Enquirer: 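Before I ask anything, here is the structure I am working with.
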Amino acid sequence: NFLPPRYRATDSNGDPISGAKLYFYETGTTTPLATYSNAGLTNLNANPVVANGSGYFGAIYLQEATYTVKLTDASDVQLYSVDGVRSSVLSNDDLVTRLQQVATNPLDYGAIGDGAADESGEVQDAIDAATGVVDLLGKTFRCDSGLTLKSGLTLRNGTLNFSQCADAFALKILGTATSRGSLASNASVGASSVTLSSASGIATGDLILLSKSAVWSSGLGDSGELLRVTGVAGDVVSVAGRIRDTYNTADTAVVSEITAKSQIVLEKLTIVGSEASSADLILLDATYADGLFIRECDFSSFKVSAVKLSSCINVGISNTLFEQGAATAHFVDIRGASQDIFVGPGCQFVDGGGNGI
């Protein structure tokens, strides 16, 4: 019967709202309804409950009733109001989503953020629970295991130290590919559609990967291009733009439907690895990402790559520092069918990373 403590009010940028207020009413009215600071419902909260300077609220326990909850800033400007909040449904209620909002952080899951002990589990818990932003609050989190990112996530404002990570990646973005067979006829440069052996399961807006066996260098993964589907008529699939290469049925050209991880933002992060890592550490390893934006970050001490992009589309990297890479490492490694990759402005590449981009 409680709203767990240490929920935090944040603005649209994920920054805390100092002195934010939560008002509680009988649902659908303006009649105040009591909340409590203890499970026994004996210590009455003020109404409104006021957040501290960092936007955090104290413990809020609800009685068996139905509430309207209103969040305002310190000047009583309303940010939103939610009706029909009951203690029995708080674990799934929209209020919980809005209060975590976009503002989950690892401290809510037991982390300290002093960089001393491995807190990869707590950071991953925050990522898994987030509905938008994970704010690292300017703290340092030691991560001895790699972290997996998800669609719609913004990870910001702090340091992730992977210098003792034994995994092959520090941050991982991984979509999926589902085989959709082969081409029914050759696809030529400049074409705006392809004919598949079967277009079953493919719809407008999907991504497909058109690839072939011939590659210009070994070890690059998918050789081909990612295409956005604009229409499907039978087994003929129309795509945005024009095909840039030739794909022949005789060259074992194949088609895969891509379910990409999308709209991921890394912002104001310092990501530290180790050039001497026992693992072939990649700081950010992205495969099948659609909409990845990196800005105002610092990638340092990487053994293989700072950023590796395999069959990714719509990637923007700006105002980011890449430094202290091993002599054979890549600052940004763009592989396979990746396209629409923008690096700059404001990026700096210094001290190592002999293979550049």
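For the single chain, residues carry numbers from 1 onward in sequence order. Everything quoted here is computed from the prediction, not taken from an experiment.
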Enquirer: Looking at residues at least two apart in the chain, or sitting in another chain, which of them share a salt bridge (charged side-chain N to carboxylate O under 4.0 Å, His left out) with Arg242?
Expert: none

Enquirer: How far apart are the C-alpha atoms of Tyr247 and Glu225, what are their side-chain angles, what is the distance that settles it, and do they pass the side-chain contact (heavy atoms from CB on, under 4.5 Å) test?
Expert: CA-CA 10 Å; Tyr247 301 87; Glu225 51 195 290; 2.8 Å; yes

Enquirer: Let me see the working for Leu196 and Leu183 under side-chain contact (heavy atoms from CB on, under 4.5 Å), right down to the final yes or no.
Expert: CA-CA 4 Å; Leu196 310 184; Leu183 293 176; 3.9 Å; yes

Enquirer: Is the closest side-chain donor-acceptor distance between Asp128 and Tyr109 under 3.5 Å?
Expert: no

Enquirer: Flag yes if Ile264 and Leu174 sit in one hydrophobic cluster, no otherwise; membership is Ile, Leu, Val, Met, Phe, Trp, Tyr, and two members link when side-chain heavy atoms are under 4.5 Å apart.
Expert: no

Enquirer: Return yes if some donor-acceptor pair links the side-chain N/O of Gln339 with the main-chain N/O of Leu226 below 3.5 Å, else return no.
Expert: yes

Enquirer: Hydrophobic cluster membership, with links at side-chain heavy-atom distances under 4.5 Å among I/L/V/M/F/W/Y: are Phe293 and Leu284 in one?
Expert: no

Enquirer: Can you see which heavy atom on Asn45 is nearest to which on Ala59, and at what distance?
Expert: ND2-O, 3.4 Å

Enquirer: Just how far is it from atom OG1 of Thr35 to atom CZ of Phe24, taken to the nearest 0.5 Å?
Expert: 5.0 Å

Enquirer: Taking the side chain as every heavy atom from C-beta outward, state whether Asp114 and Thr140 have any pair of such atoms under 4.5 Å apart.
Expert: no

Enquirer: List the atom of Pro16, the atom of Ser54, and the distance in Å for their closest heavy-atom pair.
Expert: CB-O, 3.1 Å

Enquirer: With side chain to side chain contact (heavy atoms under 4.5 Å, CB included) as the test, pick out the partner of Ile294 among Thr320, Val343, Leu269.
Expert: Thr320

Enquirer: What do the steps show when you test Leu309 against Leu292 for side-chain contact (heavy atoms from CB on, under 4.5 Å), and what is the final call?
Expert: CA-CA 10 Å; Leu309 305 172; Leu292 168 61; 4.0 Å; yes

Enquirer: Could you walk me through whether Asp290 and Arg228 satisfy the salt bridge (Lys or Arg N to Asp or Glu O under 4.0 Å) test, starting with their C-alpha distance in whole Å, then the side-chain angles of each, then the deciding distance to 0.1 Å, before giving a yes or no?
Expert: CA-CA 11 Å; Asp290 177 11; Arg228 182 80 64 188; 2.6 Å; yes

Enquirer: Indicate yes or no: at least one non-hydrogen side-chain atom of Phe302 is less than 4.5 angstrom from one of Leu281.
Expert: no

Enquirer: Give a yes or no on whether the backbone of Pro32 and the side-chain of Asn47 come within a donor-acceptor separation of less than 3.5 Å.
Expert: no

Enquirer: Would you check, one step at a time, whether the test side-chain contact (heavy atoms from CB on, under 4.5 Å) holds for Thr31 with Tyr25?
Expert: CA-CA 5 Å; Thr31 302; Tyr25 305 102; 5.8 Å; no

Enquirer: To check you understand the geometry: which heavy-atom pair defines the closest contact between Glu122 and Asp118, and what is its length?
Expert: OE1-O, 4.2 Å

Enquirer: State, with a plain yes or no, whether a side-chain heavy atom of Phe322 is found less than 4.5 Å away from one of Val332.
Expert: yes

Enquirer: At what distance, to the nearest 0.5 angstrom, does CG of Asp144 lie from CG of Asp167?
Expert: 9.5 Å

Enquirer: Minimum heavy-atom separation for Leu283 and Val272, please, with both atom names.
Expert: CD2-C, 4.3 Å

Enquirer: Check whether any side-chain heavy atom of Glu267 sits under 4.5 Å from a side-chain heavy atom of Leu155, and report yes or no.
Expert: no

Enquirer: Quick check on Lys172: does its NZ atom have over 12 non-hydrogen neighbours (other residues, nucleotides or ligands) under 6.0 Å away?
Expert: yes

Enquirer: Same cluster or not: are Ile317 and Phe349 linked, directly or through other Ile, Leu, Val, Met, Phe, Trp or Tyr residues, by side-chain heavy atoms under 4.5 angstrom apart?
Expert: yes

Enquirer: For Ala130 versus Leu153, what's the shortest heavy-atom pair and its separation?
Expert: CB-CD1, 4.1 Å

Enquirer: Is there a side-chain contact between Val315 and Asp340 (heavy atoms, below 4.5 Å)?
Expert: no

Enquirer: Write down the atom of Ile112, the atom of Glu119, and the distance for their closest heavy-atom approach.
Expert: N-OE2, 2.6 Å

Enquirer: Answer yes if the side chains of Asp135 and Asn157 hold a donor-acceptor pair under 3.5 Å, and no otherwise.
Expert: yes

Enquirer: For the residue pair Phe141 and Leu107, establish whether any side-chain heavy-atom pair is separated by less than 4.5 Å.
Expert: yes

Enquirer: Can you confirm whether Ile243 sits close enough to Ser192 that some side-chain heavy atom of one is under 4.5 Å from a side-chain heavy atom of the other?
Expert: no

Enquirer: Treating Lys268 as the side-chain partner and Cys297 as the backbone partner, does any N or O pair qualify as donor plus acceptor under 3.5 Å?
Expert: no

Enquirer: Is there side-chain contact between Glu257 and Leu207, with heavy atoms separated by less than 4.5 Å?
Expert: no

Enquirer: Taking Tyr67 for the side chain and Ala34 for the main chain, is one N or O donor matched with an acceptor at less than 3.5 Å?
Expert: yes

Enquirer: Is Thr72 reaching over with its side chain to a backbone N or O of Gln78, donor-acceptor style, under 3.5 angstrom?
Expert: no

